[in-house]
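Working notes, structure below.
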Amino acid sequence: RLDGFTITGGRSTTYGGGIFCQNLDKTTVIANCTIRQNHASYNGGGISLSAASPLITGCLLIDNQSENGSGGAIGGYFNSPLLISGSTVRNNTGNGISLNSGTVILEDSLIIGNSDWGLSINGGSALINRCTIAGNYGKSYEGGGILAQSVTITNSRISGNRGTGLSTWSTSLIANCLISGNNGATNGGGLVIGSGSIVRNCTITDNNAVKGGGIYSRESSSVIISSILAGNTNWAIYEEGINSDPKVKACLFYDNPDGD
């Protein structure tokens, strides 16, 4: 257990500028630590994980950097489930959190002001509850809040990201969320969703993209139910592909200037 430490100014030419974890299970705990201004050339400027799944709780990860974009704050590969609770990931460069596989369980946490994506999981999934994903900024039209193959996100806010708020390409659930003010993506300002996804009881407002300011549905048989879509530019919902046929039920549309 690592509890109550400040880890700062670390540099690595490979992995883990601040902390490197390898072959550790969930009994390993990193708690109440400040991990700031660390730098790695490759994976994990603040914390690098290799086949490791520690519990990270009550931590502040700020101003860390990964040069190749593999997790400014936290980067990992070959991972088991990773639990992050009650923590803040802020102003990190090269994605806030980046994993190439596995599952992130994120609760009661802030992912704010990171470059590229706030949270990026290639080939993995995220379970998110009571979190704020805000002010993360992609380069040009790429990046934003969350990128993952599959996402279950509830009771959370995704707002003010430059790029897409949330982009997923497999079955996902987005419920009881505010998705607002995300701006500048090519496809999907608020959401990019894949087949089988469900958007339920969400407020999706004032998002902007070239196609689908609110929701971009790609080859998708998704369901959008009991939600509000308002003030989104370039169509509130944009359907792409001959197999895209989202079902919309009991939703309220208003003030979408280019159409619903």
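Just so you know, residue 1 is the first one in the sequence shown, and it goes up from there. We use all heavy atoms of the structure for the numbers below, so side chains are in, but hydrogens, waters and symmetry mates are not.
Interatomic distance, Ile19 CD1 to Ile56 CD1, rounded to the nearest 0.5 Å: 7.5 Å. One finds the CD atom of Gln37 at 11.5 Å from the OG1 atom of Thr6 (value rounded to the nearest 0.5 Å). Distance check: Leu229 CG to Ile237 CD1 gives 5.0 Å after rounding to the nearest 0.5 Å. With rounding to the nearest 0.5 angstrom, the OG1 atom of Thr171 is 9.5 Å from the CD atom of Gln149. Asn232 contributes atom CG, which lies 7.0 Å from atom OG1 of Thr205 (distance to the nearest 0.5 angstrom). The structure places NZ of Lys249 at 5.5 Å from CD1 of Ile225, a figure rounded to the nearest 0.5 Å.
Annotation: Tyr77 is in aromatic contact with Tyr15 [ring centroid separation under 6.0 Å].
Ser221 and Ser195 are linked by a side-chain donor-acceptor pair at a separation below 3.5 angstrom, with hydrogens and angles left out of the test. In this model, no donor atom of one side chain and acceptor atom of the other lie less than 3.5 Å apart for Arg90 and Thr88. A side-chain donor-acceptor contact under 3.5 Å links Ser48 and Asn43. Ser70 and Ser66 are not linked by any side-chain donor-acceptor pair at a separation below 3.5 angstrom, with hydrogens and angles left out of the test. A donor-acceptor pair shorter than 3.5 Å can be found between the side chains of Ser217 and Ser244. Between the side chains of Ser85 and Asp108, no donor N or O sits under 3.5 Å from an acceptor N or O. Under 3.5 Å, the side chains of Asn182 and Asn207 contain a donor-acceptor pair of N or O atoms. Checked by atom type, the side-chain pair Thr103/Ser125 shows a donor-acceptor distance below 3.5 Å. Defined by atom type and a distance below 3.5 Å, a donor-acceptor pair is missing between the side-chain atoms of Ser159 and Ser180. Residues Tyr216 and Glu240 have side chains that bring a donor and an acceptor to within less than 3.5 angstrom of each other. In this model, a donor atom of one side chain and an acceptor atom of the other lie less than 3.5 Å apart for Asn208 and Thr233.
Counting only heavy atoms from C-beta outward, the side chains of Thr57 and Val29 approach each other to under 4.5 Å. Looking only at side-chain heavy atoms (C-beta outward), Leu191 and Thr164 stay at 4.5 Å or farther from each other. Contact of the Thr34 side chain with the Thr8 side chain is not registered, since no non-hydrogen atoms from C-beta on lie closer than 4.5 Å. With a 4.5 Å cut-off on side-chain heavy atoms, Asn129 and Cys131 do not count as touching. Ser50 has its side chain within reach of Phe20: a pair of non-hydrogen atoms, C-beta onward, lies under 4.5 Å apart. For the pair Glu107 and Leu83, the minimum side-chain heavy-atom distance is below 4.5 Å. The closest side-chain heavy-atom distance from Ile146 to Val151 is below 4.5 Å. Counting only heavy atoms from C-beta outward, the side chains of Leu173 and Arg200 approach each other to under 4.5 Å.
No single ILVMFWY cluster, assembled from side-chain heavy atoms under 4.5 Å apart, contains both Tyr238 and Ile224. When hydrophobic clusters are built by joining Ile, Leu, Val, Met, Phe, Trp and Tyr residues whose side-chain heavy atoms come closer than 4.5 Å, directly or via intermediates, Leu147 is not grouped with Ile179. When hydrophobic clusters are built by joining Ile, Leu, Val, Met, Phe, Trp and Tyr residues whose side-chain heavy atoms come closer than 4.5 Å, directly or via intermediates, Ile215 is not grouped with Leu178. Linking Ile, Leu, Val, Met, Phe, Trp and Tyr residues whenever their side-chain heavy atoms come within less than 4.5 Å leaves Val199 and Ile228 in two separate clusters. In the hydrophobic cluster analysis, where Ile, Leu, Val, Met, Phe, Trp and Tyr join through side-chain heavy atoms closer than 4.5 angstrom, Trp117 is grouped apart from Ile158.
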Determine, stepwise, if the pair Leu55 / Leu82 fulfils side chain to side chain contact (heavy atoms under 4.5 Å, CB included). CA-CA 7 Å; Leu55 165 62; Leu82 170 65; over 6 Å; no

Checking Ile111 against Ile97 for the side chain to side chain contact (heavy atoms under 4.5 Å, CB included) test, could you report, in this order, the C-alpha distance in whole Å, the side-chain angles of both residues, the deciding distance, and whether it holds? CA-CA 9 Å; Ile111 310 295; Ile97 301 169; 4.0 Å; yes

Tell me, with the steps shown, if Leu166 and Ile153 meet side chain to side chain contact (heavy atoms under 4.5 Å, CB included). CA-CA 10 Å; Leu166 185 156; Ile153 181 168; 3.9 Å; yes

Could you go step by step and tell me if Thr168 and Val192 meet the side chain to side chain contact (heavy atoms under 4.5 Å, CB included) rule? CA-CA 6 Å; Thr168 179; Val192 175; over 6 Å; no

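Gly16 and Ala40 make their closest contact through N-CB, 3.9 Å (heavy atoms, listed as atom of the first residue, atom of the second, distance). Considering every non-hydrogen atom in both Asn256 and Gly231, the closest pair reads OD1-N, 3.2 Å. Looking at every heavy atom in both residues, Leu106 comes nearest to Ser109 through CD1-CB, 3.9 Å. Between Trp169 and Gly123, the shortest heavy-atom distance links the atoms CZ2-N, 4.2 Å. Ser197 and Gly194 get closest at one heavy-atom pair: OG-O, 3.0 Å. Of all heavy-atom pairs between Gly69 and Ser98, the closest is O-OG, 4.0 Å.
For the pair Asn64 (side chain) and Ile35 (backbone), a donor-acceptor distance under 3.5 Å is present. With hydrogens and angles disregarded, no donor-acceptor distance shorter than 3.5 Å links the side chain of Asn161 to the backbone of Tyr137. Asn201 contributes no side-chain N or O that, together with a main-chain N or O of Cys177, makes up a donor-acceptor pair within less than 3.5 Å. Using modelled atom types, one side-chain atom of Ser87 and one backbone atom of Cys59 make a donor-acceptor pair closer than 3.5 Å. Side chain of Ser12 to main chain of Thr14: a donor-acceptor pair is present (N/O by atom type, distance under 3.5 Å, no hydrogens or angles). Not a single donor-acceptor pair under 3.5 Å links the side chain of Asn234 to the backbone N or O of Gly213. Looking only at distances, no side-chain donor or acceptor of Asn95 sits under 3.5 Å from a matching main-chain atom of Leu119. With hydrogens and angles ignored, the 3.5 Å screen pairs no side-chain donor or acceptor of Arg36 with any backbone N or O of Ile62. Ser172 places a side-chain N or O within 3.5 Å of a backbone atom of Ser170 that can act as its donor or acceptor partner. Side chain of Ser156 to backbone of Arg130: a donor-acceptor contact under 3.5 angstrom is found.
Val89 pairs with exactly one of Leu61, Ile133, Leu110 by the side-chain contact (heavy atoms from CB on, under 4.5 Å) rule, that one being Leu61. Tested against Ser115 for a side-chain contact (heavy atoms from CB on, under 4.5 Å), the candidates Asn136, Asn91, Thr93, Asn92 yield a single pass: Thr93.
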